[in-house]
There are 2 protein chains.
Amino acid sequence: MSFDRKQQILEAATKSFSLFGYKATTMEQVAKLSNVGKGTIYTFFKNKEELFDEIIRSLIAEMKAAADEAIDPSLSFYENVHRGLYKILEFRLKHQLTIKLFQEEKEMGTPAVMEVIGQLEDAILNYLKDKVSLAIEKGVIRECDPELTAFVMLKVYIALIFDWEQHHEPLEKEKIAMLFEQYIMKGLSL
Amino acid sequence: MSFDRKQQILEAATKSFSLFGYKATTMEQVAKLSNVGKGTIYTFFKNKEELFDEIIRSLIAEMKAAADEAIDPSLSFYENVHRGLYKILEFRLKHQLTIKLFQEEKEMGTPAVMEVIGQLEDAILNYLKDKVSLAIEKGVIRECDPELTAFVMLKVYIALIFDWEQHHEPLEKEKIAMLFEQYIMKGLSL
DNA sequence: AAATTGACCGGAAATCTCATTCGGTCATAA
DNA sequence: TTATGACCGAATGAGATTTCCGGTCAATTT
């Protein structure tokens, strides 16, 4: 029973955060949307930020699941990195909550939102780092610092998928995969 | 004679922009510093922004010169890219004017400053692009889109030199050169 | 007595008002 | 013809005032 109510609150809060962002959703509103008194929320969550964090935690879990699903062990390492990262970044563009959050970070810089986006990036980086470590162990790629490598890979990927679009025509998915392979895997030397 | 005065104004303005930033330097102040009536400035420059632009143009020229100086034709392509980019980014950290400008962009977002920083980045990108084109012609590196390649190179470089420092120990210059070679030139595949 | 609620509190943020600043002009002076 | 600085109005900022909202807790319900 109290389990139901917590779920209700989480769903209402998710909906509201997705629709209005973090700052613009009030606890009163969440209470109304979940048919609960405002005080009740505070029996399940210490404060607004913890409620937010719990929502983000499940968002991250969802993203991880989506990435895992995109991976196919019969394909090459680089192709799987591509598929995983593409799924994650696609997720970011398709889900209300992430869209709203990135928007809020850019145009308001809400501290709680910035922190949460940091967590999200850390999660991606960690995910990637594990994949890189595994690839080194298996002898699929050259020996290197997995953390730094994951960091560079993500930067290159974001550069190709988002940053390039700021001043140029967007690149197609296939092209991005090709470029990623060329720059990161094969290298430019002959 | 009028040449002298224009120079005086440019020097005074450069000093003031370096010291106080774009927004906080007033035309009155530039006039005082250059021993000239305020109106006189407007006989040489259409407005504050054009005065600023002219200063930035010479800043860019200086950076280009510094980069050229760092380049040694007897060294490899990647090593020269490293030396050139390092010089440019070092320049950015050592010169009052650029320091102040990047600070002003970050914490105030002054439009004129943002635009000028865009110009600066374009100049770097173009400089790099030319080097890449040349390297392709000479057959030193694999065939590729020079603009996109310059873009990715710069992203990786900035990632290694600035972004990594946000959450980790800074990398040494030598290490950066090595990593740059590993990631961009040699690639990760075996 | 355990759980739920919403009126209430205080500080943060938004809004409004009014004073100041500064980019740019132009009549006057050199 | 060239140089100047007093002057203009728009934009900015400081200060005062109001509104808003996260979080608490005494009262109420179960």
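Remember, it's a predicted structure, so these values are computed and weren't measured experimentally. Every heavy atom of this structure was used, including side-chain atoms; hydrogens, water molecules and symmetry mates were not. Letters A, B, ... are given to chains in the order of the sequence lines, protein chains preceding strands, and every chain is numbered from 1.
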Roughly, in whole Å, what's the span from NZ in K48(B) to P in dA11(D)?
-> 15 Å
Between P of dT5(C) and NZ of K32(A), the distance in whole Å = 13 Å
Can you check each nucleotide of nucleotides 4-10 of chain D against protein heavy atoms at under 4.0 Å and return B for base, S for sugar-phosphate only, - for none, in 5' to 3' order?
-> BBBB---
side-chain contact (heavy atoms from CB on, under 4.5 Å) between K131(A) and I71(A), worked out = CA-CA 11 Å; K131(A) 300 289 174 202; I71(A) 283 174; 3.7 Å; yes
Within the pair K23(B) and dT21(C), is there a side-chain N or O less than 4.0 Å away from OP1 or OP2?
-> no
Can you check the F45(A) CZ to dT24(D) P distance for me, whole Å?
-> 15 Å
note: F44(B), atom CZ; dT1(D), atom C1'; distance rounded to Å ~ 13 Å
What is the distance, rounded to the nearest whole Å, between atom NZ of K6(A) and atom P of dA3(C)?
-> 15 Å
Starting from the C-alpha separation in whole Å, work towards a yes-or-no answer on side-chain contact (heavy atoms from CB on, under 4.5 Å) for L85(A) and I124(A).
-> CA-CA 8 Å; L85(A) 282 182; I124(A) 297 175; 4.2 Å; yes
Check for a donor-acceptor pair, side chain of S16(A) on one end and backbone N or O of A12(A) on the other, with a separation under 3.5 Å.
-> no
D4(A) CG to dA3(C) P, in whole Å, measures 16 Å
Is the backbone N or O of P170(A) less than 3.5 Å from a side-chain atom of W164(A), with the two atoms forming a donor-acceptor pair by type?
-> no
Nearest of dG23(D), dG24(C), dC22(C) to any side-chain atom of T26(B)?
-> dC22(C)
Set of residues satisfying ring pair (Phe, Tyr, Trp, His ring centres under 6.0 Å) with respect to H167(B), sequence neighbours excluded | none
Y42(B) OH to dG24(C) P, in whole Å, measures 4 Å
State whether Y22(B) and K48(B) meet the cation-pi test: NZ (Lys) or CZ (Arg) under 6.0 Å from the six-membered ring centroid, and within 45° of the perpendicular axis.
-> yes
Check the distance between dA13(C)'s P and Y22(A)'s OH and give it to me in whole angstrom.
-> 12 Å
